[in-house]
Amino acid sequence: MPELPEVEVVRRGLERWVAGRTVTEVEVLHPRAVRRHPAGGEDFAARLKGQRFEVARRRGKYLWVPLAETGTSVLGHLGMSGQLLVQPEGAPDEKHLRIRIRFDDSAGTELRFVDQRTFGGLSLHDQTPDGTDGLPDVIGHIARDPLDPAFDDAAFQSALRLRRTTIKRALLDQSLISGVGNIYADEALWRSKLHYDRPTASLTRPRSAELLGHVRDVMNAALVAGGTSFDSLYVNVNGESGYFDRSLDAYGREDEPCHRCGTPMRRRAWMNRSSYFCPRCQRPPRTTA
């Protein structure tokens, strides 16, 4: 599942290539790609036609494009394999092309939603009443992410200590902090020398501030590298893969030496996922939440 850095890379591509352009035609080629739009594909295409795209926005892993002067936004859900690609008009269709959006200008490119597993999709939604960044109302409950200038560090630290849970569960709680997924949680915890099962109540304010700093550092480093690509399914709008996977310190490194102390890294099953950690640098807590 794409995390904040991967979604931000896509958002930047959309900002560059589709902001300010007016939709002239929409083709919905697979009904599952608009299943989150209850009125169906024909309604989605009709309502989008003639609308002008504003600058793409993001909160955590959620990506949307506000439509100018409508009070609505297009919400993009990438799922496990969704791709938003800007392709030349007339380029061969991708095998798993689900939606095509054409524009009324002479730029010679179109926007395509490609999704092999069809877990993702596009949908139209009303914006939240305050109109902040055109945020779709269906994701109004999602917390701000740590790269958002409006993220409240003090409020996060206080809420973290009040949660009766463990630190990795808290990092993946999108109502507390958005955008952090399994990969970057493991990376930030390794940098912080914290075990994933450590109770949040045991973290001091300086320790939680340090962890938050490492979350930001990991995400900013991943952004520079274009995100993390373990297979061909994650790409930016130009079809290019990220390469932060070459810089990972924890995730996917079972039995490889810890980059800090040389101890073989371990993997443990965790909530239908895997957690990677160093048994020496990230010692398990004596008690769990």
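Keep in mind it's a predicted model, so treat the numbers as computed, not measured. Every heavy atom of this structure was used, including side-chain atoms; hydrogens, water molecules and symmetry mates were not.
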Any residue meeting ring pair (Phe, Tyr, Trp, His ring centres under 6.0 Å) with H214, in chain and number order, not counting sequence neighbours: none
CG of L160 to CZ of R207: how many Å apart, nearest 0.5 Å? 12.0 Å
Apply side chain to side chain donor-acceptor pair (under 3.5 Å) to the pair R117 and H96, showing each step before the final yes or no. CA-CA 9 Å; R117 299 172 185 169; H96 303 289; over 6 Å; no
Quick one: is the NZ or CZ of R12 closer than 6.0 Å to the six-membered ring centre of W17, and within 45° of its axis? no
Please list all pairs meeting ring-ring contact (aromatic ring centres under 6.0 Å, His included) that have one or both residues in residues 47-73, counting only residues at least two apart or in different chains. F53-F103
Within-4.5 Å side-chain heavy-atom neighbours: D249 and V218: no
Does the side chain of F44 reach to within under 4.5 Å of the side chain of V28, using non-hydrogen atoms? yes
In this structure, would V180 and W190 fall into the same cluster of hydrophobic residues linked by side-chain contacts under 4.5 Å? no
Work out which heavy atom in L171 is nearest to a heavy atom in I177; give both atom names and the distance. O-CG2, 3.7 Å
With S208, which residues qualify under side chain to side chain donor-acceptor pair (under 3.5 Å), at least two apart? none
Would you say the side chains of T118 and R32 form a donor-acceptor pair under 3.5 Å? yes
Under 3.5 Å, is there a donor on one side chain and an acceptor on the other for E210 and S192? no
Check for a donor-acceptor pair, side chain of R280 on one end and backbone N or O of Q282 on the other, with a separation under 3.5 Å. no
Less than 4.5 Å apart, any side-chain heavy atom of L223 and any of L147? yes
How many angstroms lie between OG1 in T72 and CG in D137, if you round to the nearest 0.5 Å? 10.5 Å
Does S202 use its side chain to pair, donor to acceptor, with the backbone of P199 at less than 3.5 Å? yes
What's the spacing between L248 CG and D186 CG if we round to 0.5 Å? 9.5 Å
Quick check against the 3.5 Å criterion: does D105 have a side-chain atom that pairs as donor or acceptor with the backbone of A107? yes
So, does N220 use its side chain to make a donor-acceptor pair with the main chain of R216 at under 3.5 Å? yes
Just by distance, no angles: are the side chains of S178 and R59 close enough, under 3.5 Å, to form a donor-acceptor pair? no
Under 6.0 Å from the CD atom of E42, do we count more than 12 heavy atoms belonging to anything else shown? no
What I'd like to find out is whether the side chain of K61 reaches to under 4.5 Å of the side chain of I139, using heavy atoms alone. no
Residues R35 and G120: closest non-hydrogen pair is NH1-O, 3.2 Å
Distance alone, cut at 3.5 Å: any donor-acceptor contact between the side chains of S81 and D115? yes
With sequence neighbours excluded, residues passing side-chain contact (heavy atoms from CB on, under 4.5 Å) with A201: none
Assess, by modelled atom type and distance only, whether the side chains of K49 and T24 contain a donor and an acceptor separated by less than 3.5 Å. no
Any residue meeting side-chain contact (heavy atoms from CB on, under 4.5 Å) with R163, in chain and number order, not counting sequence neighbours: T165, D173, S175, L176, T200
Non-neighbouring partners of A19 that pass side-chain contact (heavy atoms from CB on, under 4.5 Å), sequence neighbours left out: V55
Is any side-chain N of the basic residue among R169 and D197 closer than 4.0 Å to the acidic one's carboxylate O? no
Residues at least two apart in sequence or cross-chain that pass side-chain contact (heavy atoms from CB on, under 4.5 Å) with A39, listed by chain then number, are H37, D43
For H30, which residues count as a side chain to side chain donor-acceptor pair (under 3.5 Å) partner, sequence neighbours excluded? none
So the salt bridge (Lys or Arg N to Asp or Glu O under 4.0 Å) pairs with at least one residue in residues 91-100 (sequence neighbours excluded) are E27-R100, D93-R100, D93-R112, E94-R112, R100-E110
Cut-off 3.5 Å, side chains only: do H125 and R36 have a donor facing an acceptor? no
Tell me the closest heavy-atom pair linking D145 and G60, and the distance in Å. OD2-N, 3.0 Å
R268 meets the salt bridge (charged side-chain N to carboxylate O under 4.0 Å, His left out) criterion, sequence neighbours left out, with none
Residues in ring pair (Phe, Tyr, Trp, His ring centres under 6.0 Å) with Y276, at least two apart? Y251
Rounded to the nearest 0.5 Å, how far apart are CG of L189 and CG of L211? 6.0 Å
Closest non-hydrogen contact found for L172 with A185 is CD1-CB, 3.7 Å
Exam field: side chain R11 to backbone A56, donor-acceptor pair closer than 3.5 Å: yes
In sequence, state the C-alpha distance, the side-chain angles, and the governing distance for R267 and S274, and then conclude on side chain to side chain donor-acceptor pair (under 3.5 Å). CA-CA 6 Å; R267 179 183 67 85; S274 293; 3.2 Å; yes
Does Q174 use its side chain to pair, donor to acceptor, with the backbone of G179 at less than 3.5 Å? yes
Filter on ring-ring contact (aromatic ring centres under 6.0 Å, His included), then keep only pairs touching residues 150-180, sequence neighbours left out; what's left? F151-F156
Side chains of L75 and L124 in contact at under 4.5 Å (non-hydrogen atoms): no
List the atom of S73, the atom of G134, and the distance in Å for their closest heavy-atom pair. OG-O, 2.7 Å
What's the separation between atom CG in L84 and atom CG in L78, rounded to the nearest 0.5 Å? 6.0 Å
At their closest point, which heavy atom of D133 faces which heavy atom of R57, and how far apart are they? O-CG, 3.4 Å
So CD of E6 and CE of M219: to nearest 0.5 Å the spacing works out to 9.0 Å
